[in-house]
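A, B, ... follow the sequence lines: proteins, then strands. Residue 1 opens every chain.
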Protein chains: 2
Amino acid sequence: MVTNNEMDQVFSALAHETRRTILDCLKHHPGLKVGELAHHFDVSRIAVMNHLAVLEGAGLVTSMREGRTRRLYMNLAPIQMIHDRWSDEYSGYWAGRMTSIKYAAEAAARKKEKGT
Amino acid sequence: MVTNNEMDQVFSALAHETRRTILDCLKHHPGLKVGELAHHFDVSRIAVMNHLAVLEGAGLVTSMREGRTRRLYMNLAPIQMIHDRWSDEYSGYWAGRMTSIKYAAEAAARKKEKGT
DNA sequence: TAATCATGTAATTACATGGTTACTAATAAT
DNA sequence: ATTATTAGTAACCATGTAATTACATGATTA
């Protein structure tokens, strides 16, 4: 089962570009250390650590101690679980790929109009 | 294309139980009016309207004016687009369903331990 | 036209988030 | 043993979020 609280944590973890980029880093470089990871970003190491705490809280990042360092790993299982549940719950409501592309085009057009 | 900003909006829209429940309501009752929707919740009508604004900002809810009322509809296209992109980007990194179930069991166990 | 009803806006409040700097703790290296 | 390195904690600040109450707008209906 996946609780509402867990969903809150997973979705808000994903709702920040830096955190999504962290996941992407860990995808490409599994086992990265905290400091190494922090180098990839403009914000302070502390800010990155805060983001890590959010990701770990959501279960999206796991880590293993190794001396005075910590090795970090991405874990997509929580997303997978939400995905599995939603595929069932909303099966039949998903638009086809073409429909969603059409929606994207319309959204882009709307944004363009706003700009004038 | 789906921009980082759009992803931020979609994920933070989904990161609140009330908003997820709103989507669920609109799934079951498409064309619901604002006031009718608000009745389903404990919080004030204004709070529900704020949540609606967030969902509309993310493109997850659309609406059509009809006299003095507004009819609301769920739109899953933004989620679909993110899903399509991630399936590509992270294909190969998804754990099998069994693995994610195993993860869930471990998470539950960890939580139980903490409680003692 | 006046009364009513469905929405929407403004102002306010409490709390959460994302960031900073300064300091602490613990391991490794000289 | 001292020093440097890596990670974590504390305190703080600005901004954003989620909720509230009170008021405003705008369409129906009596």
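When every heavy atom of A:Ser63 is checked against every heavy atom of A:Glu56, the shortest pair comes out as OG-OE2, 3.6 Å. When every heavy atom of A:Pro78 is checked against every heavy atom of A:Ala58, the shortest pair comes out as CG-O, 3.6 Å.
One can place CG of A:Leu52 at 15 Å from C1' of D:dT9, the figure rounded to the nearest angstrom. The CZ atom of A:Arg19 sits 8 Å away from the P atom of C:dG19 (whole-angstrom rounding). Rounded to whole Å, the distance from CG on B:Leu32 to P on C:dA6 is 13 Å. The CE-P distance, from A:Met49 to C:dT21, rounds to 14 Å in whole Å. Atom CG of A:Asn50 is separated from atom P of C:dT20 by 9 Å (rounded to the nearest Å). The distance between atom CZ of A:Arg71 and atom C1' of D:dA7, rounded to the nearest whole Å, is 14 Å. Here D:dA7 presents its C1' atom at 13 Å from CG of A:Leu37, a figure rounded to the nearest Å. Between the CG atom of A:Leu72 and the C1' atom of D:dT6 there is a distance of 13 Å, rounded to whole Å.
In the set C:dT7, D:dA7, D:dT20, the nucleotide with an atom closest to the side chain of A:Lys33 is D:dA7.
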A:Leu32 vs A:Glu36, side chain to side chain contact (heavy atoms under 4.5 Å, CB included): CA-CA, chis, key distance, verdict: CA-CA 6 Å; A:Leu32 215 57; A:Glu36 290 170 346; 3.5 Å; yes
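Counting any heavy atom pair closer than 4.0 Å across all strands shown, B:Arg45 reaches a base atom.
Under a 4.0 Å N-O distance rule, the pair B:Arg85/B:Glu89 qualifies as a salt bridge.
A:Lys33 contributes no side-chain N or O that, together with a main-chain N or O of A:Leu72, makes up a donor-acceptor pair within less than 3.5 Å.
Distances shorter than 4.0 Å separate none of the side-chain N or O atoms of A:Arg65 from OP1 or OP2 on D:dA7. OP1 or OP2 of D:dT17 has not a single side-chain nitrogen or oxygen of B:His51 nearer than 4.0 Å. The phosphate of C:dG19 (OP1 or OP2) has no side-chain N or O of A:Ser44 nearer than 4.0 angstrom.
Taking only distance into account, the side chain of B:Arg68 never meets the base of D:dT28 through a donor-acceptor pair shorter than 3.5 Å.
Both A:Val43 and B:Arg70 lie close to DNA chain C; mapped to their nearest nucleotides by heavy-atom distance, the more 5′-ward contact belongs to B:Arg70.
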